[in-house]
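Read the structure below first, then the notes.
Not measured: the values here are computed from a predicted model.
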Amino acid sequence: MPKSINQKLTSINRFIIFINNNPKYNDKIVAEIKLLKVQEQYYLENLLEYREYERMLNRTQLHKDQRAYLMFKTLYHTGARVSEFLQIEPQHVLQDKCVIKGKGNKYREIFIPSRLKEELKDYNGDINYKKI
C-alpha cells in the first residue's frame, strides 16, 4: 500500500512542477511532499523445497523429457529467474559464468556449476550450440 500512496504523491509533485514551470500560471505552488518509507522485502516467501525439486526431476525422467529436466536443474543450480534463464545460450555453457540482463534492467552474473555444465554439454552435443 505505501507504494501506491507514493505513486500518487509523485503524481502530485509532478503536477506542481508542471504548474510552476508553465508561464500561463502566475501563482506558484509551494509545497513539500515527502514520500513514505517503503520496507523492502529481501527474501522469498515461497521457496521450493528440495524434495519438491527432486519430485519434479523424477517426473521429467519418468516422461523421458530431458529438456525439462535440464531446465529445472539449470534454474535450481544457477538461481536464475525464468526471465534470466531464457537469456542463457548454449555458448554460455562453455564459460563458467554468463552476464545477463535481470530484474530492473540490471546486469548480473550467473555462475554455471561444472557438473551442470557437463550435463548441458552432453545435451547440446549435436545441435551446434544454437539456442536451447
Side-chain angles (χ1 to χ4, degrees):
M1 186 138 156
K3 282 188 179 183
S4 299
I5 293 170
N6 281 343
Q7 286 177 331
K8 290 175 176 127
L9 291 174
T10 300
S11 297
I12 293 169
N13 271 333
R14 291 184 185 263
F15 179 71
I16 290 170
I17 290 169
F18 168 78
I19 294 294
N20 287 341
N21 290 334
N22 194 328
K24 278 176 43 178
Y25 303 103
N26 294 330
D27 295 331
K28 300 293 182 196
I29 300 172
V30 179
E32 184 178 332
I33 299 174
K34 291 186 178 180
L35 301 180
L36 298 175
K37 286 189 178 182
V38 178
Q39 176 112 18
E40 292 293 327
Q41 181 178 344
Y42 292 106
Y43 61 91
L44 299 173
E45 291 178 4
N46 299 324
L47 293 175
L48 183 68
E49 291 183 19
Y50 188 74
R51 64 181 170 81
E52 295 170 317
Y53 163 70
E54 282 183 320
R55 196 170 132 232
M56 288 170 30
L57 291 181
N58 290 337
R59 192 61 86 154
T60 59
Q61 289 176 325
L62 179 69
H63 292 285
K64 296 181 170 89
D65 190 350
Q66 184 70 8
R67 184 171 184 236
Y69 174 83
L70 288 170
M71 286 170 55
F72 289 138
K73 277 195 95 159
T74 303
L75 286 167
Y76 187 82
H77 290 286
T78 61
R81 297 175 179 93
V82 172
S83 59
E84 295 170 341
F85 165 77
L86 295 173
Q87 297 175 54
I88 299 173
E89 296 185 10
Q91 62 267 21
H92 294 141
V93 175
L94 300 173
Q95 306 162 5
D96 290 334
K97 61 186 175 184
C98 62
V99 178
I100 55 175
K101 193 178 208 178
K103 199 172 174 182
N105 289 329
K106 295 179 185 173
Y107 288 89
R108 74 178 188 125
E109 289 181 334
I110 299 291
F111 294 93
I112 302 171
S114 56
R115 240 174 115 186
L116 178 62
K117 279 173 48 173
E118 293 307 315
E119 287 188 70
L120 290 170
K121 282 181 190 176
D122 289 344
Y123 176 75
N124 286 337
D126 50 296
I127 62 170
N128 277 340
Y129 286 93
K130 292 180 185 167
K131 208 165 194 173
I132 297 177

Which value, rounded to the nearest 0.5 Å, describes the distance between [X] atom [atom1] and [Y] atom [atom2]?
X      : Y      : atom1 : atom2 : value
Asp27  : Asn20  : CG    : CG    : 10.0 Å
Arg81  : Ile110 : CZ    : CD1   : 8.0 Å
His63  : Asn58  : NE2   : CG    : 11.0 Å
Leu75  : Leu70  : CG    : CG    : 11.0 Å
Asp65  : Leu57  : CG    : CG    : 11.5 Å
Glu119 : Asp122 : CD    : CG    : 7.5 Å

### Query
Arg108 versus Glu84: any side-chain heavy-atom pair under 4.5 Å?
yes

### Query
Are Leu94 and Lys121 close enough that some pair of their side-chain heavy atoms sits under 4.5 Å apart?
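Side chain of Leu94 against side chain of Lys121, heavy atoms only: contact under 4.5 Å found.
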
With hydrophobic residues grouped by side-chain heavy-atom distances under 4.5 Å, do [X] and [Y] end up in a single group?
X     : Y      : result
Ile19 : Ile17  : no
Ile5  : Ile33  : yes
Val99 : Phe111 : no
Tyr50 : Leu116 : yes

### Task
Verify the neighbour count for atom NZ of Lys3: are there more than 12 heavy atoms of other residues, nucleotides or ligands below 6.0 Å?
no

### Task
Verify the neighbour count for atom CZ of Phe15: are there more than 12 heavy atoms of other residues, nucleotides or ligands below 6.0 Å?
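Counting neighbours around CZ of Phe15, 12 or fewer heavy atoms of other residues, nucleotides or ligands fall under 6.0 Å, so no.
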
### Query
Between Lys34 and Leu9, what is the shortest heavy-atom contact and its length?
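Between these two residues, the closest heavy atoms are O-CD1, 3.6 Å.
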
### Query
Where is the tightest heavy-atom contact between Glu89 and Gln91, given as atom of each residue plus distance?
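Smallest heavy-atom distance, with atoms named: OE1-NE2, 2.6 Å.
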
### Test side chain to side chain contact (heavy atoms under 4.5 Å, CB included) applied to Met71 and Met56, step by step
CA-CA 11 Å; Met71 286 170 55; Met56 288 170 30; over 6 Å; no

### Task
Go through Asp96 and Lys117 one step at a time and tell me if the side chain to side chain contact (heavy atoms under 4.5 Å, CB included) criterion holds.
CA-CA 8 Å; Asp96 290 334; Lys117 279 173 48 173; 2.8 Å; yes

### Test applied, ring-ring contact (aromatic ring centres under 6.0 Å, His included); reference residue, Tyr53; option that passes from Tyr76, Tyr69, Phe72
Tyr76

